[in-house]
Structures are given as C-alpha cells and as structure tokens.
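Shown next, in structure tokens, is the structure this report addresses.
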Amino acid sequence: MQKLEQIYEGKAKKVFKTDDPNLFIVDYKDDATAFNGLKKGTISGKGVINNQMTNRFMAKLEKAGVPTHFVEELSERETLVKKVSIVPLEVIIRNISAGSFAKRYGVEEGIVFDQPTIEFSYKNDELGDPLLNTAHALALKLATPEEIDTIKKYAFAVNDFLKDFWAKCGVTLVDFKLEFGRLVDGTIVLADEISPDTCRLWDSKTHEKLDKDRFRRDLGGVEDAYEEVMRRMMGAI
Ligand code: TMP
Ligand code: ASP
C-alpha cells in the first residue's frame with residue numbers, strides 16, 4: 001500500500017491518500033489542543049497510544065456489530081482506513097455528569113445518570129462546534145433521518161461495549177465523543193478515534209482522571225495517565 005499525498009491535517013491526525021482510491025492512511029500526531037485550538041501542547045507518545053487503542057476498539061466493535069472504517073494497523077502511528085466522508089456531527093454520550101454538561105446545567109461533576117444521554121454538536125471550528133438537536137441537524141441537511149437513527153443506535157451500542165470493557169480495567173467511562181462517516185456507497189460507519197483524547201476515563205476506585213482532562217485542566221501527569229489506561233486496556237484485551 002503506497003502512502004500518497006496528504007489530503008487533510010487535523011488537530012491530532014493527518015490523512016493521506018493511497019494508491020487505492022477507496023482507502024486512506026491516518027497518521028496520529030502527539031499534538032494536543034483544547035478549547036477549539038486555543039490551548040496547544042504536545043503529549044509525548046500520545047499518537048502511538050491513540051492509534052493502537054482506537055484500532056483495538058474498532059476491531060472489537062466490528063465484531064459486536066458496529067461497522068467501522070478500520071482496515072489494518074500499518075505502524076505504531078499509521079492505520080489504513082476505508083475512505084469516508086465525515087458526517088459533520090460530534091456525537092457525545094454521557095454516563096456521568098462532567099465537562100460542558102456540568103457547566104451548562106450548573107451541576108457538579110460525578111452525578112451518575114440512570115440512562116446515558118446523547119447530544120450532537122455541529123462539527124464546525126469557526127462556529128465553535130455549537131450544540132444542536134436532531135431537528136437542527138435535519139434542517140441543516142447534515143444527515144438524513146435514517147442516518148441519524150443509525151448513528152444513535154451505533155453510539156449507544158458503542159457505549160454498552162466500552163462501559164463494560166473499561167469496567168473490567170477498573171476504569172469508569174464517564175463520557176466520550178464519536179464521529180461517523182459515509183462510505184462511498186453511503187453506508188454509515190464509525191470513524192475517527194476512541195482514545196483518552198475523546199473519552200473521559202476515571203479510575204473506578206479513586207476517580208483519578210486518566211484522560212485528556214489532565215491536559216485541558218493543567219493537572220500534570222498527562223503522559224503517565226495515557227500510559228496507564230493503555231496498560232490497563234492491554235491487560236484486558
Ligand atoms: P465536553 O464535556 O467538553 O462537552 O466533552 C464531552 C466528551 O467529548 C469528552 O469525553 C471529551 C470529548 N470531546 C472531544 O473528543 N472533542 C472535543 O472537541 C470536545 C469539546 C470534547
Ligand atoms: N480537541 C479539541 C480542540 O482543540 C478540544 C478538546 O478536546 O477539548 O478544540
């Protein structure tokens with residue numbers, strides 16, 4: 001598989017064309033940003049961890065009935081994926097109050113919900129990824145009603161899988177963000193990444209934060225936290 005020209009560079013990953021028009025290569029960086037790129041830094045070794053963690057989860061989710069863009073891990077930082085056009089929605093599932101939910105509704109972090117919540121943001125950096133509901137997404141023609149139904153179904157299935165998996169590692173899955181894409185034939189598949197960049201992961205006993213909030217909130221020990229969750233994941237896989 002030949003890595004051809006770069007077609008996109010995001011905050012944490014680069015995407016390259018390959019000699020197969022239906023396949024892309026994703027290359028994970030150590031760059032970290034927060035607050036829509038306002039805060040910038042590096043988390044050493046993050047790209048390797050996020051690549052390997054994402055791929056292991058995608059392979060498992062595929063078996064659990066959630067189609068994904070994952071094809072094959074090529075190196076520590078590079079993965080072959082199916083070409084998708086990303087649905088411009090950030091899909092956020094929450095099991096416990098934290099982050100923008102706690103802030104927006106004026107509640108403390110750590111309230112365990114009876115049912116997981118789902119919310120969408122419009123993936124648009126210029127607008128600061130504004131929150132929107134299903135009717136707004138339909139009005140803006142970001143997705144069809146059928147696609148939204150499929151995305152919701154898959155997002156909750158991912159939550160069921162990840163919550164159980166992390167529990168076995170002594171980790172509580174607080175919330176996470178997913179992105180979906182359309183294959184060339186229109187099929188909706190899970191894309192992007194599942195990593196400590198995109199999930200809130202708390203130690204089940206101590207509630208210590210083991211995710212990117214350590215970077216966002218200047219808590220220190222960022223690299224150690226990423227290594228710790230990766231180590232625990234590898235022990236359970
Ligand atoms: P929030 O509480 O800041 O809305 O974040 C909810 C979840 O989404 C959390 O696990 C972090 C993740 N997330 C991203 O992956 N990318 C983002 O740009 C933001 C704002 C959150
Ligand atoms: N990566 C996102 C940004 O820079 C935010 C985050 O993950 O907190 O905007």
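In each ligand, atom 1 is the first atom listed, and ligand 1 is the first ligand listed. These numbers come from the heavy atoms of this one structure, side chains and all, not from hydrogens, waters or symmetry mates.
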Completion exercise
of all protein heavy atoms, closest to atom 4 (O) of ligand 2 is T33 OG1, 2.4 Å
Practice task
Would you give the length of the straight line joining atom CG of D30 to atom CZ of R77, rounded to the nearest 0.5 angstrom?
Solution key: 4.0 Å
Handout entry: Any protein heavy atom < 4.0 Å from atom 20 (C) of ligand 1
Key = no
Fill in the blank from the handout: the protein heavy atom lying closest to atom 8 (O) of ligand 2 turns out to be R216 NE, 2.6 Å
Exercise for the section: Using a strict cut-off of 4.0 Å, indicate which atoms of ligand 1 neighbour a heavy atom of G99. Expected result: 2 (O)
Completion exercise
Within 4.0 Å of some non-hydrogen atom of K11, the atoms of ligand 2 are 3 (C), 4 (O), 9 (O)
Practice task
For atom 10 (O) of ligand 1, grab the closest protein heavy atom and report residue, atom and distance to one decimal in Å.
Solution key: D175 OD1, 2.6 Å
Handout entry: Nitrogen or oxygen atoms of D129 and ligand 1 under 3.5 Å apart
Key = no
Practice task
Could you check whether the rings of F165 and F57 sit parallel, tilted or perpendicular, using 30° and 60° as the cut-offs?
Solution key: perpendicular
Handout entry: Close N or O approach (R200, ligand 1; < 3.5 Å)
Key = yes
Exercise for the section: Can you sort out which atoms of ligand 2 are near G37, meaning under 4.0 Å from one of its heavy atoms? Expected result: 3 (C), 4 (O), 9 (O)
Practice task
Can you label the angle between the Y105 ring and the F101 ring as parallel, tilted or perpendicular, going by 30° and 60°?
Solution key: perpendicular
Practice task
Could you pull out the closest heavy-atom pair between L4 and F16, with the gap in Å?
Solution key: O-CD2, 3.4 Å
Problem - Ligand-side contact atoms (ligand 1) for residue partner R216, heavy atom cut-off under 4.0 Å - result: 11 (C)
Handout entry: Partner of K177 by side chain to side chain contact (heavy atoms under 4.5 Å, CB included), out of D197, D129, I194, D192
Key = D192
Fill in the blank from the handout: A student checking ligand 1 against F176 at a 4.0 Å heavy-atom cut-off should list atoms 10 (O)
Exercise for the section: Provide the closest heavy-atom pair for N36 versus G128 in the form atom of the first, atom of the second, distance. Expected result: ND2-CA, 3.6 Å
Handout entry: Residue that, paired with R200, satisfies side chain to side chain contact (heavy atoms under 4.5 Å, CB included) out of L173, V174, I96, N95
Key = V174
Exercise for the section: For ligand 2, find out whether one of its N or O atoms is nearer than 3.5 Å to an N or O atom of K212. Expected result: yes
Problem - side chain to side chain contact (heavy atoms under 4.5 Å, CB included) partner of L210, chosen from R232, E227, M230 - result: R232
Problem - Among R104, K177, E193, closest by any non-hydrogen atom to atom 12 (C) of ligand 1 - result: K177
Completion exercise
Between F120 and the options I92, N133, I151, the side chain to side chain contact (heavy atoms under 4.5 Å, CB included) test singles out I151
Practice task
Could you pull out the closest heavy-atom pair between D211 and A225, with the gap in Å?
Solution key: N-CB, 4.3 Å
Problem - From the candidates E90, K212, K123, the one that places a heavy atom nearest atom 18 (O) of ligand 1 - result: E90
Problem - ligand 1 versus C199: contacting region, heavy-atom distance under 4.0 Å - result: backbone
Completion exercise
In ligand 1, the atoms that come under 4.0 Å of a heavy atom of T198 are 10 (O), 12 (C), 15 (O)
Problem - Per-residue contact class, D197 against ligand 1 - non-hydrogen pairs under 4.0 Å - result: backbone
Fill in the blank from the handout: atom 4 (O) of ligand 1: closest protein heavy atom, distance to 0.1 Å, is S100 OG, 2.5 Å
Completion exercise
Closest non-hydrogen contact found for P196 with Y226 is CB-CE2, 3.4 Å
Practice task
Decide whether the shortest distance between a heavy atom of R94 and an atom of ligand 1 is less than 4.0 Å.
Solution key: yes
Exercise for the section: Grab the two heavy atoms, one from A236 and one from C169, that are nearest each other, plus how far apart they are. Expected result: CB-SG, 3.5 Å
